[in-house]
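In the text below, chain A, chain B and the rest are named by the order of the sequence lines, each starting its count at 1. Remember, it's a predicted structure, so these values are computed and weren't measured experimentally. Hydrogens, waters and symmetry mates are skipped; everything else that's a heavy atom, side chains included, is used.
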Number of protein chains: 2
Amino acid sequence: MATIKTIAKIAGVSHTTVSRALNGNPAVKEKTRQKIQKIATELGYSPNLSARGLVNNKTYTIGLFFSSIQTGTSTSFLTEVITRLHNALDKEYMLSVNGIDDLSNYNIAVKSRLDGVVVVSQSQNDDEFIDFVKKNGLPLVVLNRLLQRHDVANVGFDDYAGTYQAMEYAVRLGHKTFGMIEGIDSFESSSIRRKAFLDCVNKHHLNILSDAVVPGTYDASSGYRAMKQILLLPEFPTLIFCANDDMAIGALKACHELNVRVPEDISLIGFDDSVYAAFINPALTTIRKPIDKLSELGLQMFDQVMNNPEYQLETKLVSPELIIRDSVKNLNATD
Amino acid sequence: MATIKTIAKIAGVSHTTVSRALNGNPAVKEKTRQKIQKIATELGYSPNLSARGLVNNKTYTIGLFFSSIQTGTSTSFLTEVITRLHNALDKEYMLSVNGIDDLSNYNIAVKSRLDGVVVVSQSQNDDEFIDFVKKNGLPLVVLNRLLQRHDVANVGFDDYAGTYQAMEYAVRLGHKTFGMIEGIDSFESSSIRRKAFLDCVNKHHLNILSDAVVPGTYDASSGYRAMKQILLLPEFPTLIFCANDDMAIGALKACHELNVRVPEDISLIGFDDSVYAAFINPALTTIRKPIDKLSELGLQMFDQVMNNPEYQLETKLVSPELIIRDSVKNLNATD
DNA sequence: CCTTTATCTGTTAACGTTTTCATAATAAGC
DNA sequence: GCTTATTATGAAAACGTTAACAGATAAAGG
């Protein structure tokens with residue numbers, strides 16, 4: 001494997017000169033620079049990052065952490081953030097992708113291994129990890145969840161507003177009794193969405209059919225099971241708020257099987273605006289979570305945190321958007 | 001930041017002893033080992049990987065490469081492989097995730113940066129990269145695509161058999177004219193699935209409606225557009241083979257919009273058995289690609305390639321499974 | 001042509017580990 | 001208690017790079 005010294009020997013210069021030349025140090029004469037460069041490319045030389053990292057006290061690695069890789073992380077988030085990070089980072093940086101839930105030892109995972117950390121957080125369980133990273137003084141940004149603390153760069157998403165807005169819409173269309181299929185318990189989004197759901201219904205003094213508020217796990221089959229349960233009730237609500245689109249898709253399946261028409265017999269609202277929301281039948285009315293925007297803002301912040309020592313840590317909140325499609329019936333319509 | 005020398009000073013021993021103690025070298029007395037260990041954990045010590053890597057000539061990083069992060073890589077593959085790799089690897093290893101399509105320089109991305117490489121390949125375009133890795137002598141395994149070469153550990157998926165099997169099933173149910181929505185041109189799966197489709201139909205001397213063979217891009221909206229195009233033909237086939245489930249979902253949407261019933265008026269077959277295939281209406285008949293099995297076999301191989309110098313490189317082929325659901329009509333039925 | 005300054009290059013140490021080799025301390029054998 | 005064998009520890013070098021400092025060469029000024 002070619003090192004800086006191999007090149008030095010061939011070029012008849014010292015390895016220091018080679019180092020300088022390859023790093024574009026203007027002190028080295030242009031002619032020798034070219035000669036060295038030529039030899040380097042011929043040998044397919046590429047610097048040893050361990051050595052470089054040792055002296056520069058850098059690792060050339062950014063850690064990207066999700067609450068969990070297996071469960072609950074939307075694909076789009078994964079790919080969106082990975083792509084953006086790669087584009088934003090210098091080519092010499094690597095991206096290490098991890099799930100916080102299968103980290104055995106924070107020391108090993110973080111300390112003297114990473115130059116910066118991006119966390120896409122779904123759960124309060126991540127707080128311990130976030131705190132650890134912060135304490136170790138690494139550049140850090142947390143995406144998705146709104147943190148309580150303000151000493152961390154943070155881009156959150158407004159789950160509450162999204163849910164509330166969607167429920168207001170349902171109320172406006174004349175719905176009076178509601179049910180909900182809830183998300184994974186440990187996810188903060190689940191409790192926030194539930195709270196917004198409850199708050200809005202109560203505010204309007206409308207009814208929640210408590211038997212029609214059932215747990216789910218953010219995947220289609222849990223939505224399916226939950227909806228079956230709801231549809232077997234002696235009487236069911238006019239609208240079910242599903243805490244995400246995948247569960248809404250499962251719920252829809254249950255409706256089809258039991259010959260309950262959507263939206264004629266029951267209305268459905270989802271959350272996320274997944275790619276499939278528009279393609280199911282009926283197209284799903286849902287709350288769009290602009291992952292692209294979240295990622296963009298977050299990685300802009302990360303850039304600041306990494307490169308601008310003057311940067312004042314900030315917290316931003318990204319707003320949802322109600323996407324009206326065909327899964328909610330207008331009960332006020334006079335037909 | 002605590003180093004081995006910090007610990008040495010506190011413990012009143014040489015840094016060499018600390019190194020040995022922490023690495024479980026039996027030469028060091030148990031009592032001193034414990035003393036050192038205690039100090040280390042108190043300081044939250046964690047070894048500097050650059051330094052260790054420099055002397056051991058290791059990087060403690062495994063590269064995971066997809067043809068592209070943004071497009072065409074199924075989520076399940078991403079999460080499945082990441083999860084499995086993490087579980088299989090020693091805790092000290094990191095996982096660097098990349099898209100081959102946005103690699104600017106193979107040297108920088110690979111050389112003296114990685115201890116091993118896992119490629120999930122969709123396209124022949126990856127061959128150059130695969131070749132580069134192989135030439136540099138890194139432990140390598142390629143998943144998903146069946147390679148021509150046999151000097152690389154390889155687990156491929158049998159797209160041909162899957163498609164053929166599904167088409168045979170359609171023929172058995174009495175279908176006589178066929179159309180297809182194709183995948184991304186540069187993906188090898190696209191051409192293989194097309195070939196199998198053509199081969200099977202021709203073998204049975206049945207008809208392909210050439211206007212009903214339209215290009216797609218493996219996403220739902222391309223399936224939607226393609227199906228619209230097909231349904232506008234003066235006459236359409238009895239069955240459309242969609243090169244993946246997402247496009248089938250889009251196609252289904254088009255059918256709904258144009259009041260073409262599935263499977264009564266037209267039959268649909270997908271590919272992949274995505275999570276959603278079972279949840280759309282009608283549930284999609286499709287070909288299951290067992291990503292779990294592919295990953296498992298592949299990472300078993302990777303383990304061998306990494307750790308067993310005796311290992312004989314091998315090529316394995318994973319078989320598909322036809323999943324019969326409700327989107328194909330039985331034309332032989334006498335009702 | 002000699003001195004001064006500017007430009008370029010080399011020597012050396014350092015980063016935090018592991019490893020080889022030597023040596024000090026202890027235990028065993030008589 | 002003295003030699004030998006065993007066990008535990010330390011000193012020094014090495015990995016490939018960068019950086020501080022010094023030194024050499026070339027250009028400029030008189």
Short side-chain N/O contact to C:dT9 OP1/OP2 from A:Thr32, under 4.0 Å: yes
Check: B:Arg145 and B:Leu147 side chains under 4.5 Å, non-hydrogen atoms: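 Answer yes - side chains close enough.
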Any side-chain heavy-atom pair of B:Asp101 and B:Gln70 under 4.5 Å: yes
Residues A:Glu30 and A:Arg33 bridged, charged N to O under 4.0 Å: yes
B:Asp131/B:Arg149 ion pair, N-O < 4.0 Å: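 Judged by the 4.0 Å cut-off on N to carboxylate O distance, B:Asp131 and B:Arg149 do form a salt bridge.
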Mutual orientation of the aromatic rings belonging to A:Tyr106 and A:Phe129 [parallel < 30°, tilted 30-60°, perpendicular > 60°]: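 The arrangement is perpendicular - the two ring planes meet at more than 60°.
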Distance-only polar pair, side chains of A:Asn56 and A:Tyr60, donor-acceptor under 3.5 Å: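 A pair is found: one side chain offers a donor N or O, the other an acceptor, under 3.5 Å apart.
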A:Glu314 versus A:Tyr311, side-chain donor and acceptor atoms under 3.5 Å: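 Result is yes, a qualifying pair exists.
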Without decimals, in angstroms, what is the distance between [X] [atom1] and [N] [atom2]?
X: B:Lys31; N: C:dA25; atom1: NZ; atom2: P; answer: 16 Å
X: A:Lys58; N: C:dG16; atom1: NZ; atom2: P; answer: 17 Å
X: B:Asn57; N: C:dT17; atom1: CG; atom2: P; answer: 18 Å
X: A:Lys111; N: C:dG16; atom1: NZ; atom2: P; answer: 14 Å
X: A:Glu30; N: C:dC8; atom1: CD; atom2: P; answer: 10 Å
X: A:Asn25; N: D:dA20; atom1: CG; atom2: P; answer: 11 Å
X: B:Leu22; N: C:dG16; atom1: CG; atom2: C1'; answer: 13 Å
X: A:Arg113; N: C:dG16; atom1: CZ; atom2: P; answer: 17 Å

Short heteroatom pairs, N/O only, protein and nucleotides 17-19 of chain D, under 3.5 Å:
{"unit_1": "D:dT17", "atom_1": "OP1", "unit_2": "A:Tyr45", "atom_2": "OH", "d": "2.4"}
{"unit_1": "D:dT17", "atom_1": "OP1", "unit_2": "A:Asn48", "atom_2": "N", "d": "3.2"}
{"unit_1": "D:dT17", "atom_1": "OP2", "unit_2": "A:Ile4", "atom_2": "N", "d": "2.5"}
{"unit_1": "D:dT18", "atom_1": "OP1", "unit_2": "A:Asn23", "atom_2": "ND2", "d": "3.0"}
{"unit_1": "D:dT18", "atom_1": "OP1", "unit_2": "A:Arg52", "atom_2": "NE", "d": "3.1"}
{"unit_1": "D:dT18", "atom_1": "OP1", "unit_2": "A:Arg52", "atom_2": "NH2", "d": "3.3"}
{"unit_1": "D:dT18", "atom_1": "OP2", "unit_2": "A:Ser19", "atom_2": "OG", "d": "2.3"}
{"unit_1": "D:dT18", "atom_1": "OP2", "unit_2": "A:Asn23", "atom_2": "ND2", "d": "3.4"}
{"unit_1": "D:dT18", "atom_1": "O4", "unit_2": "A:His15", "atom_2": "NE2", "d": "3.0"}
{"unit_1": "D:dA19", "atom_1": "N6", "unit_2": "A:Thr16", "atom_2": "OG1", "d": "3.1"}

Qualifying salt bridge (Lys or Arg N to Asp or Glu O under 4.0 Å) pairs with a residue from residues 52-76 of chain A, counting only residues at least two apart or across chains: A:Arg52-A:Glu92
Degree of bending in the helix from C:dC1-D:dG30 to C:dC30-D:dG1 once both end axes are built from five pairs, to 10°: 40°
Steps toward side chain to side chain contact (heavy atoms under 4.5 Å, CB included) verdict (B:Ile62, B:Val117): CA-CA 6 Å; B:Ile62 301 296; B:Val117 170; over 6 Å; no
